[in-house]
Amino acid sequence: MARDKGLKAQRARRPLAATSLAAKPGIPRALCPFIPLSLAMLLTFAGSVQAQIADRVPRELENVGIEQKLDAQAPLDLEFFDENGRPTTLRKLMDGKPAILTLNYYGCPTLCGEQLNGLLRTLKDMSWRPGTKFHILTVSFDPLETATLASAKKDAYLGELGDPSAAAGWHFLTGRKPSIEALTQAVGFTYKWNADQMQWAHSAATIILTPGGRISRYLGGLYNDASTMRLSLVEASEGRIGTLYDSLFLWCFHYDPDRNSYAPVAMNIMRLGGGVTVAAIALGLLSLWLFEMRRRRMAAALAG
């Protein structure tokens with residue numbers, strides 16, 4: 001009897017994990033093996049639905065974005081208006097220098113301000129100023145915006161930059177609808193008016209143009225560090241601006257869009273290291289050869 005009571009007590013303490021579902025009333029024992037599988041299928045289905053919801057582009061952002069068109073030609077001879085209302089062209093403003101192109105609208109309550117603030121921060125970290133080695137073209141894609149609004153925006157940003165000389169190189173432009181559409185289509189920038197929110201739906205990109213107006217680089221994000229911006233401009237100018245160090249750096253580092261910065265190219269770094277090593281060995285051998293020649297001449301002079 002004591003042994004039977006001990007066994008009952010052990011069974012009572014036995015874990016129920018393997019049989020807990022079968023032990024519950026209302027669930028037929030024959031269905032128990034299928035319950036884990038069913039739960040797994042339900043979880044998978046729920047995960048799939050969540051993924052589809054997450055991947056779905058909101059209706060407000062459909063057909064909004066940037067299609068990169070590297071090396072495409074931007075139309076530089078379209079008519080725009082500077083912050084004083086005077087007609088001009090991108091070619092005239094660039095003056096044979098590379099350019100940073102941003103597409104914004106001055107009444108934007110959110111994204112455009114963040115992008116221009118990021119550009120301002122980059123400029124503060126750079127030793128170059130707009131107008132010396134490059135230009136900035138900030139073009140409003142809202143055809144209803146006027147030069148008065150562009151002028152106010154320019155004054156605000158130049159005041160924050162604290163360098164009046166940059167006024168000659170940072171241009172805030174407005175334009176008519178045909179010119180705006182031709183420019184935005186050429187650089188792959190798509191946007192649309194959201195009537196419910198009374199604002200433009202758009203994305204943000206900083207586009208680097210060569211002196212001839214070809215698209216050299218798209219820089220993502222709202223802020224780019226000064227070295228990335230500088231090297232992008234040096235690259236766009238094909239070495240016509242910048243230093244020898246910049247050129248060597250670009251040879252060893254290529255732009256990585258995933259990192260939004262320049263990443264090392266191992267093969268080029270190895271080639272550069274090999275070249276430096278060979279040059280050092282050659283210089284050492286030349287020094288030894290010159291030393292030996294001098295020693296022989298002195299020995300010959302003493303013997304004579």
Side-chain angles (χ1 to χ4, degrees), residues 68 70-73 76 91 93-101 119 121-136 161-166 168-170 206-221 223-304:
Q68 295 199 17
L70 291 171
D71 203 36
Q73 176 67 48
L76 301 186
R91 187 185 303 280
L93 295 175
M94 289 173 64
D95 191 28
K97 297 182 176 69
I100 300 169
L101 171 66
L119 179 57
R121 182 180 160 197
T122 303
L123 292 176
K124 287 182 175 180
D125 293 337
M126 292 178 67
S127 58
W128 296 350
R129 282 289 175 260
T132 55
K133 297 182 182 297
F134 67 98
H135 285 266
I136 303 176
L161 184 61
D163 187 350
S165 67
W170 194 348
T206 302
I207 304 170
I208 307 298
L209 300 178
T210 69
R214 306 197 78 83
I215 299 173
S216 173
R217 183 73 60 208
Y218 290 82
L219 300 179
Y223 167 75
N224 294 279
D225 61 76
S227 62
T228 297
M229 185 65 78
R230 175 190 173 100
L231 290 172
S232 297
L233 291 167
V234 173
E235 191 176 38
S237 73
E238 297 179 345
R240 281 185 279 177
I241 63 174
T243 63
L244 177 61
Y245 170 78
D246 292 328
S247 299
L248 285 174
F249 192 94
L250 284 174
W251 193 68
C252 295
F253 289 74
H254 285 178
Y255 182 74
D256 183 348
D258 294 331
R259 299 181 182 180
N260 200 30
S261 63
Y262 283 81
V265 180
M267 184 57 72
N268 286 352
I269 292 177
M270 292 174 63
R271 287 172 178 166
L272 180 61
V276 171
T277 302
V278 170
I281 293 174
L283 184 62
L285 292 174
L286 178 63
S287 300
L288 290 174
W289 180 76
L290 292 174
F291 176 79
E292 180 63 19
M293 292 295 293
R294 182 181 179 187
R295 189 187 67 79
R296 289 184 180 183
R297 283 198 300 269
M298 292 179 65
L302 292 174

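If you read the sequence from its start, that first residue is 1, and numbering goes on from there.
Rounding to the nearest 0.5 angstrom, the gap separating the CG atom in Leu286 from the CD1 atom in Ile281 is 13.5 Å. The CD1 atom of Ile208 sits 11.5 Å away from the CG atom of Leu70 when rounded to the nearest 0.5 Å. Separating the NZ atom in Lys133 from the CG atom in Leu233 is a distance of 11.0 Å, to the nearest 0.5 Å. How far CG of Leu219 is from OG1 of Thr206: 6.0 Å, rounded to the nearest 0.5 Å.
For Ser232, the side-chain hydrogen bond (donor to acceptor under 3.5 Å, both in side chains) partners two or more places apart in sequence, or in a different chain, are Tyr262.
Annotation: side chain of Phe134 is in contact with side chain of Met126 (closest heavy-atom distance under 4.5 Å). Put simply, the side chain of Leu119 reaches to within 4.5 Å of the side chain of Ile136, judged on heavy atoms.
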- prompt: Yes or no on side-chain contact (heavy atoms from CB on, under 4.5 Å) for Arg129 and Trp170, after CA distance, side-chain angles and deciding distance?
  reply: CA-CA 9 Å; Arg129 282 289 175 260; Trp170 194 348; over 6 Å; no
Intermediate values then yes/no, side-chain contact (heavy atoms from CB on, under 4.5 Å), Arg217 and Ile207
CA-CA 6 Å; Arg217 183 73 60 208; Ile207 304 170; over 6 Å; no
Quiz prompt | Audit row: Met229, Ile100, side-chain contact (heavy atoms from CB on, under 4.5 Å) steps and yes/no | solution = CA-CA 9 Å; Met229 185 65 78; Ile100 300 169; 3.5 Å; yes
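A donor-acceptor pair is defined here as one N or O able to donate and one able to accept, closer than 3.5 Å; such a pair exists between the side chain of Arg214 and the backbone of Asp71. Of the possible donor and acceptor atoms, one in the side chain of Ser287 sits under 3.5 Å from a partner among the backbone N and O of Leu283. With His135 contributing its side chain and Lys97 its backbone, the two residues share no donor-acceptor pair below 3.5 Å. Side chain of Arg295 to main chain of Leu290: no donor-acceptor pair is present (N/O by atom type, distance under 3.5 Å, no hydrogens or angles).
Around CD of Glu238, the count of heavy atoms belonging to other residues, nucleotides or ligands within 6.0 Å does not exceed 12.
A pairwise comparison of heavy atoms in Ser127 and Arg230 identifies OG-NH1, 3.8 Å as the closest pair. When every heavy atom of Pro211 is checked against every heavy atom of Ser237, the shortest pair comes out as CD-CA, 4.2 Å. The minimum heavy-atom distance between Leu76 and Gly213, with the atom names listed, is CD1-CA, 3.6 Å. Closest non-hydrogen pair, Thr210 versus Ser216, comes out as CG2-CB, 3.9 Å.
Checking Thr122 against Asp125 by side-chain atom types alone, no donor-acceptor pair falls below 3.5 Å.
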